[in-house]
Amino acid sequence: MVGVPKSKGCGICIQRRVKCDLSQPHCAQCQRYGTDCPGYVKSRKFMDEGPQLRTRFAKKTAQTSESIDECVAPSLVARSMNKQQPVIFGDFVMAAFTRWFGLNKYRVHVPWTGYVAQHGGKSPAFDAAIYSMNLVFMGHTHLDEKLQQSSREMYSKALRLFGDTIRDEAAMRSRESVSITIVLSLFEAYSRTNPDSWARHASGTAALMAHRGPGAHLTGFDRCLYLSFRSFIVAEAFVNGKKCLFERPEWQAHIHQVRSEDMTDPRVDGPIALFIDLQDRIFAEVVKIPGMLARSRRLQQEAEPEESAKEVLKQVLQCSQTIGTMSAHLRLAAAVQKYNWRKTEDRGGVASSGNSRFIGPIPSTFPQQFANSVLHGCEICLFLLGLLQDFLEDAQVNNIPAENDDTAISMDPLPFRIVSKLRKSSGQTAVPSAGDTSIKELPSPDKWLDLVAASMGLDAFDIITCPK
């Protein structure tokens, strides 16, 4: 690097290291020394500052590799990245929840994308959770391992920040806490780093929603939280073998209140209103099934096991009949709607049965696609209820090990298991509702999330029968 001497003296005085009196045109020191004064023109010299610079910036270089934009205007880069997050998250929602987005765009007034845009930068834990979801989505989309690695690092940061914040009553009742647990659960389901981590986060979401109560999920973004994640809460109850939150009377009333309000929304037309009505009526029955399974597993702990078995069997038969009736109505409605589309095409309207025309991210065949997902969930429910009915009617139900039997602690009396599809199983046979005898390959994260959301959570797990 080019350097300039700091001394203002003449060249001879600098060389002799004596104080120059700076006299013009020649200094007195040179006259006494008996030599010609060279004057005060400064000469340049080269100085190697490499070692000093490497020492100064070695620690910073080892920690991060910043772009020139980050070096020049780091705050501007941060603001730019923050503005991109709602857009990327919106792309994730549209890619991963096509059916869910298609129906619930009529049912929510404050969607996820709007909330992320409005609340970005206000909560470090929420921002970190959104960043992690966006990074894993982009990493999967572009097959970029660096982005996926970054997503895991950001996910760890979100967990740490969230753990530091959720320590008081206000945090337990905040929509921010619920939204963070939802995003973390979606991250685990999308990245599939651990088989059941998504269910653990979903269990946390259910606990927070129960603590807040159904009245806190009726308006604004809180309503969106309930609608957007309720299928995953049902799936978590099936996987973990416990009662579902929405089985409680207050939540049953909440389901029907939201259903009634959404059916009369000005944005909703006749076919969509009918789908909302039938789906929510079916959903209100589906959420009761995990509780029936849980009670069936502990029949021998009841005071009168046989009477308890009869009570559960009565519930199973009633639930099966209701779901069967409602699914038949939904099947008919879907068939009529498809017929109407074909009539429109025959009259020279827009074709929507052969070639799926897209309106934004939602195909014009959306109502039937959504109905098919709900119907598939109904088939799984009826298959599961049939297995439970056979168990309750079987005389062997009275031979369940007693409560004081050592084997009763680890033995599940039911002749089938419910296992998350994200878990690898071996040596067992998964039997879906249609009677398929092999575990199908798990679809891509985008499709899997959409199937779980649209099927009321029933596509989140496999039903594994146990040989007798």
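Quantities reported herein were computed from a predicted structural model and do not represent experimental measurements. Along the sequence shown, residues carry numbers from 1.
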Which residues satisfy the side chain to side chain donor-acceptor pair (under 3.5 Å) test with S177, sequence neighbours excluded?
S174

salt_bridge(E169, R173) N-O dist < 4.0 Å
yes

Should the pair R230 and F283 be classed as cation-pi, given the thresholds of under 6.0 Å to the six-membered ring centre and 45° from the axis?
yes

What residues, two or more places apart in sequence or in another chain, satisfy salt bridge (charged side-chain N to carboxylate O under 4.0 Å, His left out) together with E311?
R295

One pair to check against side chain to side chain contact (heavy atoms under 4.5 Å, CB included): I130 and I88. What are the steps and the verdict?
CA-CA 9 Å; I130 295 297; I88 300 173; over 6 Å; no

Under 3.5 Å, side-chain donor or acceptor atoms of residues 231-238 against the rest of the protein: list the pairs with distances, not counting sequence neighbours.
unit_1: S231; atom_1: OG; unit_2: A453; atom_2: O; d: 2.8
unit_1: E236; atom_1: OE2; unit_2: N240; atom_2: ND2; d: 2.6
unit_1: E236; atom_1: OE2; unit_2: K242; atom_2: NZ; d: 2.9

So L392 and L299, side chain to side chain contact (heavy atoms under 4.5 Å, CB included) or not? Walk me through it.
CA-CA 10 Å; L392 294 171; L299 281 175; 3.8 Å; yes

Expected output: side-chain S185 to main-chain T181 donor-acceptor under 3.5 Å:
no

Is D127 paired with K157 through a side-chain N to carboxylate O contact shorter than 4.0 Å?
no

Report the residues that fulfil side chain to side chain donor-acceptor pair (under 3.5 Å) with H217, sequence neighbours left out, ordered by chain and then residue number.
R212

Shortest non-hydrogen contact between V136 and S191, atoms and distance:
CG2-CB, 3.9 Å

For F416, enumerate each residue passing the ring pair (Phe, Tyr, Trp, His ring centres under 6.0 Å) test, keeping only those at least two apart in sequence or located in another chain.
none

Minimum side-chain heavy-atom gap T465-P415 below 4.5 Å:
no

Under a 4.5 Å cut-off applied to non-hydrogen side-chain atoms, are H256 and D280 in contact?
no

Any donor-acceptor pair under 3.5 Å from S203 side chain to A199 backbone:
no

Results of salt bridge (charged side-chain N to carboxylate O under 4.0 Å, His left out) for D265 - residues two or more places apart only:
R267

Is there a side-chain contact between E285 and C319 (heavy atoms, below 4.5 Å)?
yes

How far does CD1 of I418 sit from CZ of F461, to the nearest 0.5 angstrom?
5.0 Å

Go through the structure and list residues passing salt bridge (charged side-chain N to carboxylate O under 4.0 Å, His left out) with K310, not counting sequence neighbours.
E307

Kindly indicate whether the side chain of N134, heavy atoms from C-beta on, has any atom under 4.5 Å from the side chain of Y131.
no

Taking C-beta and beyond as the side chain, do H140 and F92 meet within less than 4.5 Å on heavy atoms?
no

Got a second to check how far Y155's OH is from L184's CG, nearest 0.5 Å?
5.5 Å

Spacing of L313 atom CG and L388 atom CG [to the nearest 0.5 Å]:
8.0 Å

Please lay out, stage by stage, how F97 and V452 fare under the test side chain to side chain contact (heavy atoms under 4.5 Å, CB included).
CA-CA 9 Å; F97 296 100; V452 174; over 6 Å; no

Flag the pair M263 / I272 as yes when at least one side-chain heavy-atom distance between them is below 4.5 Å, and no otherwise.
no

Taking every non-hydrogen atom, the tightest pair across I380 and L458:
CD1-O, 3.5 Å

Interatomic distance, I289 atom CD1 to Q315 atom CD [nearest 0.5 angstrom]
11.5 Å

List the residues meeting side chain to side chain donor-acceptor pair (under 3.5 Å) with Q318, not counting sequence neighbours, and say none if there are none.
none

Where the side chain of S320 meets the backbone of L317, is there a donor-acceptor pair that is under 3.5 Å apart?
no

Exercise: identify the closest heavy-atom pair between G90 and T113:
CA-CG2, 3.3 Å

Looking only at heavy atoms, what is the nearest atom pair of P305 and E302, with distance?
CD-O, 3.8 Å

Please report the shortest heavy-atom distance between H254 and P214, naming the atom on each side.
CD2-O, 3.2 Å

Q321, CD: over 12 other non-hydrogen atoms inside 6.0 angstrom:
no

Looking at K447 and D459, does any basic side-chain N land under 4.0 Å from a carboxylate oxygen?
no

Where A171 and I166 come nearest, the two heavy atoms and their spacing
CB-CA, 3.8 Å

With sequence neighbours excluded, tell me which residues meet ring pair (Phe, Tyr, Trp, His ring centres under 6.0 Å) with H119.
Y115

Find out whether F187 and L159 are in side-chain contact, i.e. whether some heavy atom of one side chain is under 4.5 Å from a heavy atom of the other.
no

Worked verdict on V374 versus F275 for side chain to side chain contact (heavy atoms under 4.5 Å, CB included):
CA-CA 10 Å; V374 176; F275 288 142; over 6 Å; no

CG-CE distance between D222 and M209, expressed to the nearest 0.5 angstrom:
9.0 Å

Pair F246 and Y226, ring centroids less than 6.0 Å apart
yes

What residues, two or more places apart in sequence or in another chain, satisfy salt bridge (charged side-chain N to carboxylate O under 4.0 Å, His left out) together with E145?
R152

How about Q252 and V287: do any of their side-chain heavy atoms sit closer than 4.5 Å?
yes

Can you check side-chain hydrogen bond (donor to acceptor under 3.5 Å, both in side chains) on W112 and S179, steps first, answer last?
CA-CA 9 Å; W112 270 96; S179 62; over 6 Å; no

Measure the spacing between CD of Q279 and OG of S327 and express it to the nearest 0.5 Å.
13.5 Å

Qualifying salt bridge (charged side-chain N to carboxylate O under 4.0 Å, His left out) pairs, either residue in residues 244-259, two or more places apart
R259-D277

Results of side chain to side chain donor-acceptor pair (under 3.5 Å) for S197 - residues two or more places apart only:
N194, R200

